[in-house]
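What follows is a short report on a single structure.
In this chain, residues are counted from 1 in sequence order. This structure is a prediction, so every number in the text was calculated from the model and none was measured.
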Amino acid sequence: SSKAEFAEKTEAACLPSQEARESFKKLGIVFKPASFEDVYRIASRDTGSRPYLHISACSGYGRERKNWVFCLKGIEVGFYFTGLWEERTKMVTGEVGMVHVAPELRRRGLGALVGILGVMELVEGGAEIIRSVVGDETGTVMKLTKQLGFVDTGEKAGLLSHPVLTLSI
């Protein structure tokens, strides 16, 4: 693919699909682009001012990431990121990760839906393979990621050496 086509795909991956966005909107959830400072602020709030390990645990790749904050009725309740880049092999690789949901809203499926939305964005953007660093190695997140078809590669990432899972499209 040409660089112009790749740029178009990358830009398309920066916005949630219209259908998914409308579904979330019906639930009162909206997405907005975020800075690292936004992510850090929310992580500080929700982790007792110890966000460094939480954020750095999933920061293994960092290529052209887009941070997103999601809000419920105007209140920031979580964040996630997506990234999309072309490898030297010309394969378009995506990454979704750092899905964070405020403690009071966990265990309701919101994190799973947001993670799936991230995968949808990357597929729409042309990703041929998607990587995800999973910080919850034995729990719900790992099980859901595998149910979506991701495979544990044995690779580790981040300061805490979390597993890297991949999904081939």
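Transitive grouping of hydrophobic side chains (ILVMFWY, heavy atoms separated by less than 4.5 Å) brings Ile169 and Leu84 into a common cluster. By the rule that hydrophobic residues join a cluster once side-chain heavy atoms approach within less than 4.5 Å of another member, Leu27 and Val30 end up as members of separate clusters. The same ILVMFWY cluster, assembled from side-chain heavy atoms under 4.5 Å apart, contains both Val123 and Leu165. Hydrophobic clustering places Ile29 together with Leu113 (ILVMFWY residues linked when any side-chain heavy atoms are closer than 4.5 Å, directly or through intermediates). Placement of Phe150 and Ile129 in two distinct hydrophobic clusters is found when ILVMFWY residues are connected by side-chain heavy-atom separations under 4.5 Å, directly or transitively.
Panel note: side chain Ser132, backbone Val96; a donor-acceptor pair is recorded below 3.5 Å. Of the possible polar contacts, one joining the Thr153 side chain to the Val164 backbone as a donor-acceptor pair under 3.5 Å is found.
With values rounded to the nearest 0.5 angstrom, Glu128 atom CD is found 7.5 Å from Thr93 atom OG1. We find the CG-CZ distance between Asp46 and Arg106 to be 6.5 Å, quoted to the nearest 0.5 Å. In this structure, CG in Leu110 is found 6.5 Å from CG in Leu105, a value given to the nearest 0.5 Å. Atoms CG and CG, from Leu167 and Leu148 in turn, are 7.5 Å apart once rounded to the nearest 0.5 Å. With rounding to the nearest 0.5 Å, the separation of CE in Met120 from CD1 in Ile130 is 11.0 Å. We find the CD1-OG1 distance between Ile116 and Thr145 to be 9.5 Å, quoted to the nearest 0.5 Å.
Annotation: side chain of Leu117 is in contact with side chain of Phe31 (closest heavy-atom distance under 4.5 Å). Side-chain contact check for Phe79 versus Asn67: every heavy-atom pair is 4.5 Å or farther apart.
The aromatic rings of Tyr80 and Phe70 sit tilted, their planes meeting at an angle between 30° and 60°.
Annotation: side chain to side chain donor-acceptor pair (under 3.5 Å) contacts of Lys32 (sequence neighbours excluded): Glu76. Applying the salt bridge (Lys or Arg N to Asp or Glu O under 4.0 Å) rule to Asp152 yields no partners; only residues at least two apart in sequence or on another chain are considered.
Among all heavy-atom pairs drawn from Phe24 and Val114, the shortest one is CZ-N, 4.1 Å. The two residues Ile42 and His100 come nearest to each other via the heavy atoms CG2-CD2, 4.1 Å. Smallest separation of non-hydrogen atoms from Asp38 and Ser35: OD2-N, 2.9 Å. Closest approach of Leu122 to Gly83, counting heavy atoms only: CD2-O, 3.2 Å. Closest heavy-atom contact between Gly94 and Ala127: N-CB, 4.0 Å.
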* To do: Start with the C-alpha distance between Glu121 and Lys66, add both sets of side-chain angles, then the distance that settles side-chain contact (heavy atoms from CB on, under 4.5 Å), and finish with yes or no.
  => CA-CA 11 Å; Glu121 293 170 3; Lys66 303 293 182 189; over 6 Å; no
